[in-house]
Number of protein chains: 2
Amino acid sequence: MASNRLERFVAATDDECCPADVEERRRELSGFAATADERSRARDLDVLRTLADDTRYRIVRILEAAGEELCVCEFAPFLSVSESAVSHALGDLTTAGLLDRRKEGRWRYYGTTERATALLSALDATAEGAR
Amino acid sequence: MASNRLERFVAATDDECCPADVEERRRELSGFAATADERSRARDLDVLRTLADDTRYRIVRILEAAGEELCVCEFAPFLSVSESAVSHALGDLTTAGLLDRRKEGRWRYYGTTERATALLSALDATAEGAR
DNA sequence: CGAACACTTGCACAGACGTTCAATCAAGAT
DNA sequence: ATCTTGATTGAACGTCTGTGCAAGTGTTCG
């Protein structure tokens with residue numbers, strides 16, 4: 001049984017260990033696991049999964065580097081995938097809350113959201129050899 | 001041709017627009033695209049892809065909630081996947097630089113890295129209805 | 001109107017990914 | 001030494017997903 005392992009571990013780790021100690025630790029750990037099941041989990045995973053793709057990541061990086069919203073036709077040529085793929089990527093990013101969308105005439109403008117900026121900053125701040 | 005679209009866009013957007021303006025804008029945009037192709041890109045994508053999985057995300061959340069390193073047997077029972085899957089997940093997370101690993105006797109301890117903490121913080125700080 | 005344009009959406013397929021089973025390894029315990 | 005325990009590794013299978021093609025939407029221009 002899987003729970004036996006935890007029991008043995010607690011017994012081996014704690015010098016003085018009674019069954020109550022095992023149960024207390026189990027409840028504590030269960031609390032940590034509950035934290036990982038918060039309702040924000042599904043949303044977080046969606047955001048991460050969306051950004052974890054080469055095309056979508058590059059789009060966000062470009063828009064972040066630009067510092068302002070850009071028209072699709074301004075960055076699509078640099079992505080080396082079809083127009084269709086770009087559009088799919090933009091739709092996913094917008095749904096995930098990583099991009100904002102604005103329509104003007106026949107052009108569509110996209111810009112990064114606060115959430116996208118925060119994630120990229122976290123990556124940059126903790127990159128290998130980050131200053 | 002794809003570049004024509006950008007040309008037309010610049011022409012339509014700028015009031016006074018000469019061919020040189022189009023070229024300048026193209027170079028500027030090309031610079032943004034180059035930013036997205038930095039060497040850190042592969043690493044960033046690896047990190048994001050690794051965290052963008054339910055099992056791996058929950059592991060990191062649990063270790064983050066614990067605030068200290070935990071033995072595998074302490075959190076594996078809460079993940080509702082096989083031991084093997086947990087181990088694969090831990091290997092991926094460690095390779096991606098999201099977890100630290102320590103060996104002691106026959107137990108292995110895992111804890112979150114600064115990078116993992118930074119990413120979760122970015123998610124929490126920008127969640128819907130964040131404080 | 002109809003044509004051109006900027007972009008989006010549905011569909012189908014090839015490649016990638018997570019899981020499990022089984023075998024394996026490292027380190028006590030007997 | 002041999003067995004058990006905690007954990008890792010490899011292979012195979014089923015599922016998910018990013019892409020391109022083709023068709024469709026909405027907007028402007030002649």
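Each chain gets a letter, A, B and so on, in the order its sequence line appears, and its residues count up from 1.
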**Q** Indicate whether OP1 or OP2 belonging to C:dA6 is found under 4.0 Å from a side-chain N or O atom of B:Arg8.
**A** yes
**Q** Flag this pair as yes if the NZ/CZ of A:Arg101 is under 6.0 angstrom from the six-membered ring centre of A:Tyr110 and inside a 45 degree cone about the axis; otherwise no.
**A** no
**Q** Looking at C:dC7, D:dT19, D:dT4, which one has an atom nearest to any side-chain atom of A:Asp53?
**A** D:dT19
**Q** DNA chain D: A:Glu104 or A:Val86, which has the more 5' nearest nucleotide?
**A** A:Val86
**Q** For the CG atom of B:Asp37 and the CZ atom of B:Phe32, what is their distance to the nearest 0.5 Å?
**A** 14.0 Å
**Q** Starting at atom CG of A:Leu93, determine the distance to atom P of D:dG18, rounded to an integer number of angstrom.
**A** 10 Å
**Q** Consider the side chain of A:Arg49, meaning its heavy atoms from C-beta on, and name the nucleotide among C:dC7, D:dT17, C:dC17 that approaches it most closely.
**A** D:dT17
**Q** Quickly work out the B:Tyr109 OH to D:dG6 P distance and round it to whole Å.
**A** 12 Å
**Q** Quick one, B:Asp54 with B:Arg58, criterion salt bridge (charged side-chain N to carboxylate O under 4.0 Å, His left out). Give me CA distance, side-chain angles, the key distance, then yes/no.
**A** CA-CA 6 Å; B:Asp54 192 52; B:Arg58 280 159 67 202; 3.2 Å; yes
**Q** State plainly whether the residues B:Asp44 and B:Arg41 are in salt-bridge range, i.e. N to O under 4.0 Å.
**A** no
**Q** In whole angstroms, how far is the P atom of D:dT17 from the CZ atom of A:Arg56?
**A** 9 Å
**Q** Is the phosphate of D:dA7 approached by B:Lys103 (side-chain N or O, under 4.0 Å from OP1 or OP2)?
**A** no
**Q** Under the 5.5 Å and 30° test, is A:His88 stacked on the base of C:dT8?
**A** no
**Q** Given atom CD1 of B:Ile59 and atom P of D:dA7, what is their separation to the nearest angstrom?
**A** 12 Å
**Q** Looking at A:Glu64 and A:Arg61, does any basic side-chain N land under 4.0 Å from a carboxylate oxygen?
**A** no
**Q** May I have the distance from A:Glu83 (atom CD) to D:dA23 (atom P), rounded to whole angstrom?
**A** 18 Å
**Q** Specify the residue among A:Tyr110 and B:Asp92 whose closest nucleotide of DNA chain C lies further upstream toward the 5′ end.
**A** A:Tyr110
**Q** Could you give the CZ-to-P distance, from A:Arg108 to D:dG26, as a whole number of Å?
**A** 9 Å
**Q** When rounded to the nearest 0.5 angstrom, what is the spacing between CG in B:Leu98 and CG in B:Asp92?
**A** 10.5 Å
**Q** Can you pull out how bent the helix from C:dC1-D:dG30 to C:dT30-D:dA1 is, comparing the axes over its first five and last five pairs, to 10°?
**A** 10°
**Q** Could you measure the distance from the CZ atom of A:Phe9 to the CH2 atom of B:Trp107? Nearest 0.5 Å is fine.
**A** 6.5 Å
**Q** Is any N or O donor-acceptor pair between the side chain of A:Ser84 and the base of C:dT9 shorter than 3.5 Å?
**A** yes
**Q** I want to verify a distance call: between D:dT19, C:dA27, C:dT8, whose nearest atom is closest to the A:Val81 side chain?
**A** D:dT19
**Q** If you only use heavy atoms from C-beta on, which nucleotide in D:dG6, C:dA6, D:dG20 is closest to the side chain of A:Ala85?
**A** D:dG20
**Q** Kindly determine whether A:Arg102 and A:Glu104 satisfy salt bridge (charged side-chain N to carboxylate O under 4.0 Å, His left out), including the steps that lead there.
**A** CA-CA 7 Å; A:Arg102 193 170 62 86; A:Glu104 188 176 320; 2.7 Å; yes
**Q** Please report the distance, rounded to the nearest Å, between CG in B:Leu90 and P in D:dG6.
**A** 16 Å
**Q** Without decimals, in angstroms, what is the distance between B:Asp54 CG and D:dT17 C1'?
**A** 17 Å
